[in-house]
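Everything below concerns the one structure shown next.
What's counted below: heavy atoms across the whole structure, side chains too, no hydrogens, waters or symmetry copies. Numbered from 1 within each chain, the chains take letters A, B, ... in sequence-line order.
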Amino acid sequence: MSAGAAPGAPGLEAAAIRAAELRGFLQRYGHEYYGLDAPSVADAEYDRLFRELQALEAAHAELRVPDSPTQRVGGAPQNGFAEWKHRQPMLSLNNAFDQSELEAFDKRVRESLDVDMVEYAVELKFDGLAMSLTYEEGVLVQAATRGDGATGEDVTANVRTIRTIPLRLAGTSLPRLMEVRGEVLLFKHDFVALNRRQAQAGEKEFVNPRNAAAGSLRQLDSRITAHRPLRFFAYGVGAIEGMESPATHAHLLDWFADFGLPVCDERALVSGAAGLAAFYASVGARRDALPYDIDGVVYKVNRLAWQRSLGYVSRAPRFAIAHKFPAQEEQTQVEDIEVQVGRTGAITPVARLKPVFVGGVTVTNATLHNEDEVRRKDVWRRDLVIVRRAGDVIPEVMMVAQAGPREVVDYFRMPTHCPVCQSEVVREEGEAIARCTGGLYCAAQRKQALLHFAQRRAMDIEGLGDKLVEQLVDADVVRTAANLYHLDLASLVALERMADKSAQNVLDAIGKSKATSLSRFVFALGIRQVGEATARDLARHFGNLDALITADEAQLAEVNDVGPVVAASVVRFFRQPHNREVVLQLRAAGVHWEEGAPQTGATGALAGKTFVLTGTLPNMSREDAKAQLEARGAKVAGSVSKKTDYVVAGAEAGSKLLRAQDLGVTVLDEAGLKNLLEPT
DNA sequence: GATCCTCGAGTTCT
DNA sequence: CTCGAGGATC
């Protein structure tokens, strides 16, 4: 790519030629980068050409034209935004939330037009900001927000900095005047990168792409907007003069594309209510994988003549409707902020919420993680907050939407004493988590320890869930894991809501759990810092429990992924007489496993290979796949990195698959995995 | 000493 | 799934 060197001291004529050439390059590269996502030059090269053009324009004021790419950088701060009256009002759409409303819409349209079948242009409903761009003789002269639909704010200086928006339309046959309607938004990956930059610069991070886009557009200093990677998609037309618009909406969008306006590819033509429903389902399934946020899809009668004859009812068109997805963000009230005590004594603040329907489920609780998080988000009791349940399953309080009365009682204070056992709560220097110091004296910690012991990945005692553990601990029937193996039918049936049948089932499950493996047993003990993976490493390295119990810190540190902190934690655990006692009692009660010689280094067909599993495989459970891989010496990790050898992706694979594709990691489906497991 | 990677721990709802 | 923090690596 040779763009030539800048002339030393060019005459005006040479400068004009060079400037025109540079504008051509920059426009093309800008389009490749932002429009097609396929840059053909490095950023540094773009910047070099850009600065050269800037220098030329600085030297020759007459070369500074409004559609030059340099005019995107933005000018000095303004004092607020001027009002702007739209030539044609920017209307909002009526919403449909379910199938019946969608069928009603189609029926109304057909009856009103007196036809049997209607063709619809269908597209995405972006979660961004509606914008109107005015082009005169093909040159962008003005940009405004929707505002109340009739009058918006003039944000021309900021919109000029959006590189996907052409400052001059392509082509020779152009309307004298045209209002282009569309949406300004941020792509998800740009949003993530922007927030990373904000965090590094010590600036406030944005809650979501929409907020970030809105904040960026409302910058009074458009030089800031210029550094925000905003995008634009055109989807409609307002006033138009000096040219006939095409006959259908689909052609209108093609026409926009020919002008160089960015138009989203996710659009189609469908017929009838069934076609609408199919598009809705298809987009819904791919929603999380799209590079931007959407809150639904939009259906428009394709023929513009029919659109005109359908007209408007109050402030919304009768020819179009938005079909919304269930909200992934909702507003609700914090009724209370309580704390929970975890297995390790961690005191976690939890927001009790007024029930709210988000992302398909009713949410009543949301974790606030720790004290710093409560302060950072500045959540008080009775505040109105935004709750999200995005691609993620776990609800999260994103931000305060509106402060509540905020009286003294509404302020959250970390308790100084454990609400369960009254022991002192301590937050170590440099730690984010406050902990109850009660240890196993604390009933809450004993309950969590038992639940951990019984969980599927540990001793796998079916039927020993939180309700039962709660009762057993409260009645003081069970104090340690060893007590479980001495339970009898009578003491279980004495508990509330426990009939003979279910009591016997629990006893059977406890009996069955006696046959286990060393790694499950070590994990079940609940040693701090020793999770499933570390327990497996320890079990493999030492081979038998006595070797592990008597190991000193130096011996422990020889194990993979065990350093001083983990080693000290293990030594501390087995030094406690009551922990040794419980282990003895468990073995005496019949808990057993196969003990072997210490092993170093696994062997197997897939030894040393790292796998990551994501999504649902058609015929194999994730657990099963994991076990089979590990049996062959492979490692199954939780997240994808460049050290990952294979990613096994099933249905509804999420971010891990995207990341694998980003990093160029080999992706297998179930069949591919089977091939590796059982080479034929 | 910084950076990357992984693991542990806590969490929600059906 | 996300965060924080321990371990490994350069």
Self-check item: Rounded interatomic separation in angstrom, taking NZ from A/K447 and C1' from B/dG10
Solution: 18 Å

Quiz item: Is a side-chain donor or acceptor of A/R343 paired with a backbone partner of A/H452 at a separation under 3.5 angstrom?
Solution: no

Practice problem: Using a cut-off of strictly less than 4.0 Å, decide whether A/Q340 has a side-chain nitrogen or oxygen near OP1 or OP2 of B/dT11. | Solution: yes

Quiz item: Looking at A/Q402, A/K377, A/R406, which one forms a side chain to side chain donor-acceptor pair (under 3.5 Å) with A/D383?
Solution: A/R406

Quiz item: What does A/E373 touch in the nucleic acid at a heavy-atom separation under 4.0 angstrom: a base, only the sugar-phosphate, or nothing?
Solution: nothing

Table of protein N/O atoms under 3.5 Å from nucleotides 8-10 of chain C N/O atoms:
{"residue": "C/dA8", "atom": "OP1", "partner": "A/D561", "partner atom": "N", "Å": "3.1"}

Quiz item: Is the phosphate of B/dA9, meaning OP1 or OP2, less than 4.0 Å from a side-chain N or O of A/R343?
Solution: yes

Exercise. Verify the contact: side-chain N or O of A/T367 to OP1 or OP2 of B/dT12, cut-off strictly under 4.0 Å; return yes or no.
Key: no

Quiz item: Side chain of A/T348: nearest nucleotide among B/dT12, B/dG8, B/dG10?
Solution: B/dG10

Quiz prompt | Verdict with reasoning, A/E373 to A/R376, per salt bridge (Lys or Arg N to Asp or Glu O under 4.0 Å) | solution = CA-CA 5 Å; A/E373 181 89 349; A/R376 197 162 55 78; 2.7 Å; yes

Quiz item: Taking OP1 and OP2 of B/dT12, is either one under 4.0 Å from a side-chain nitrogen or oxygen of A/T364?
Solution: no

Self-check item: A/E371 CD to C/dC3 P, straight-line distance once rounded to whole Å
Solution: 19 Å

Self-check item: Where A/L185 and A/G128 come nearest, the two heavy atoms and their spacing
Solution: CB-CA, 4.3 Å

Practice problem: Rounded off to whole Å, could you give me the CG-to-P distance for the A/N370 and C/dT2 pair? | Solution: 16 Å

Exercise. May I ask you to evaluate whether A/T344 reaches the phosphate of B/dG10, defined as a side-chain N or O under 4.0 Å from OP1 or OP2?
Key: yes

Quiz prompt | Polar side chain donor-acceptor pair, A/T344 to A/R528, under 3.5 angstrom | solution = no

Self-check item: Whole-Å distance separating the CD1 atom of A/I347 from the C1' atom of B/dA9
Solution: 15 Å

Quiz item: Among B/dG8, C/dG6, B/dC13, which is the nearest nucleotide to the side chain of A/V565?
Solution: C/dG6

Self-check item: Position toward the 5' end of DNA chain B (nearest nucleotide), A/F523 or A/T362
Solution: A/F523

Quiz prompt | Per A/A432 side chain, nearest of listed nucleotides B/dT12, C/dG7, C/dG4 | solution = C/dG4

Quiz prompt | Shortest non-hydrogen contact between A/A482 and A/L586, atoms and distance | solution = CA-CD2, 3.6 Å

Quiz item: Nearest to the side chain of A/V350 - B/dT12, B/dG10, B/dC7?
Solution: B/dT12

Self-check item: Passing candidate, side-chain contact (heavy atoms from CB on, under 4.5 Å) with A/I337, options A/L368, A/V350, A/D410
Solution: A/L368

Exercise. Mind calculating the distance between CZ (A/R457) and C1' (B/dG8) to the nearest angstrom?
Key: 10 Å

Practice problem: Specify the residue among A/G531 and A/R352 whose closest nucleotide of DNA chain B lies further upstream toward the 5′ end. | Solution: A/G531

Quiz prompt | A/E462 CD: over 12 foreign heavy atoms closer than 6.0 Å | solution = no

Quiz item: Expressed in angstrom and rounded to an integer, what is the separation of A/E396 atom CD from C/dC3 atom C1'?
Solution: 11 Å

Quiz item: Within this structure, what is the CG-to-P distance between A/D466 and B/dG10, rounded to whole angstrom?
Solution: 15 Å

Exercise. Using atom CD1 of A/I527 as one end and atom C1' of B/dC7 as the other, report the distance to the nearest whole Å.
Key: 15 Å

Quiz prompt | Options B/dT11, B/dA9, C/dG6, nucleotide nearest the side-chain atoms of A/R528 | solution = B/dA9

